[in-house]
Amino acid sequence: MNNISENIDKITQKMKAAAVRAGRNEDDVILVAVSKTKPVEDLMEAYNHGVRDFGENYVNELTDKIEKMPKDIRWHMIGHLQTNKVKYLAGKVFMIHSVDSVKLAKEISKESVKKDIVTKILCEINVAGEESKFGTSDLDANLEMIKEIAPLPGIELCGLMTIAPYTPDAESNRQYFKTLHDFAYGRAREYIKGEPVLSMGMSGDYEVATEEGASYIRVGSSIFGERVYNK
Ligand SMILES: *Cc1c(COP(=O)(O)O)cnc(C)c1O
C-alpha cells in the first residue's frame, strides 16, 4: 500500500523548507511527479491531491497517459528521446527535459515548425560524466551544443537538466547541482530564454538540489513506491 497523498505532502514540505533554507522563495521550485511504469489510478491519486506536473520517460506510455488523464496536466518528457519518436510528442508535452544532442533538437525544431508551435526544451548535461548516461561532462562541448540549439526555430531553450549519480549520500551530489547552476547562470546564460530553468534532484537528493537552485525536482519512487520493470 502506497500512501501517495501523504508522500506528496512530506516531499512538498521538505522541498519548500529546503528552498527557504537557501534564501529562496518556496514557490520557486516545483515538484514533478515521475510516474513511469505506474498505473493511471496512481497518477489520479496524485492529481486529486493537487499535482499538475507529471514526468514520464517513454513516448508510448506518455501518449497513452495523456489520453487517459485530465487535460490541465503539464507533461514533462524526462527520458531519453529517439529522433524517430519526436513526431508523436511535439505539441503534447509542456516541456522536454532530455535534449542531449543537436540532432535531437533539430528534429524537435522541424516537427514544431511543421505544427506551427513552439516547444520548450532543456538541454541535458551529464555533469558527473557517468558513462551509463547520455551526453558529456565537458562544458566546452556542451556550450557548443547549446549555441547550435538555441537559435533553432520552433523551440525555446528554457534551461538545463541533469541526472546526478545514484548515491545514498545526497551531499556528494551537491557539487554537480552547483556546476549546473553556475553554468546556466554563467557561460550558457546568454543562450537561455528568460530566467534559467534548472531540472535537477530526484528521490534521493531533491533537498540538496533545491538548496542549489532547482526549478523542477523530479521525484518518482518516493511518491509512488519502487518501480517494477516488466517490459
Ligand atoms: C525515473 C527518473 C526520475 C525519478 O527517480 P526516483 O529516484 O524514483 O525519484 C527522475 N529523473 C529521471 C530522468 C528519471 O528517469
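In this text the structure is predicted, and so the values were computed from the model without any measurement. Order of appearance sets the numbers: ligands from 1, and atoms from 1 within every ligand.
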Not counting sequence neighbours, list each pair that qualifies as a ring-ring contact (aromatic ring centres under 6.0 Å, His included) and has a residue in residues 90-117.
-> His76-Phe94, His76-His97, His97-Tyr216
Considering only N or O atoms, set out every pair between ligand 1 and the protein closer than 3.5 Å, with distances to one decimal place.
{"from": "ligand 1", "atom 1": "8 (O)", "to": "Ser221", "atom 2": "N", "distance (Å)": "2.8"}
{"from": "ligand 1", "atom 1": "8 (O)", "to": "Ser221", "atom 2": "OG", "distance (Å)": "2.8"}
{"from": "ligand 1", "atom 1": "8 (O)", "to": "Arg227", "atom 2": "NH1", "distance (Å)": "2.8"}
{"from": "ligand 1", "atom 1": "8 (O)", "to": "Arg227", "atom 2": "NH2", "distance (Å)": "3.1"}
{"from": "ligand 1", "atom 1": "9 (O)", "to": "Ser203", "atom 2": "N", "distance (Å)": "3.0"}
{"from": "ligand 1", "atom 1": "9 (O)", "to": "Ser203", "atom 2": "OG", "distance (Å)": "2.5"}
{"from": "ligand 1", "atom 1": "9 (O)", "to": "Gly220", "atom 2": "N", "distance (Å)": "2.8"}
{"from": "ligand 1", "atom 1": "11 (N)", "to": "Arg218", "atom 2": "NE", "distance (Å)": "2.9"}
{"from": "ligand 1", "atom 1": "15 (O)", "to": "Lys36", "atom 2": "NZ", "distance (Å)": "2.7"}
{"from": "ligand 1", "atom 1": "15 (O)", "to": "Asn57", "atom 2": "ND2", "distance (Å)": "2.7"}

Examine distances only and state if a side-chain atom of Asp205 and a backbone atom of Val208 form a donor-acceptor pair shorter than 3.5 Å.
-> no
Of Glu211, Lys16, Met15, which meets side chain to side chain contact (heavy atoms under 4.5 Å, CB included) against Val29?
-> Met15
Ignoring hydrogens and angles, tell me if any N or O in the side chain of Asp138 forms a donor-acceptor pair with the backbone of Ala141 under 3.5 Å.
-> yes
Which of Asp140, Asp182, Asn142 passes side-chain hydrogen bond (donor to acceptor under 3.5 Å, both in side chains) with Arg187? Answer is Asp140
Does NZ or CZ of Arg52 come closer than 6.0 Å to the centre of the six-membered ring of Tyr47, within 45° of the ring's axis?
-> yes
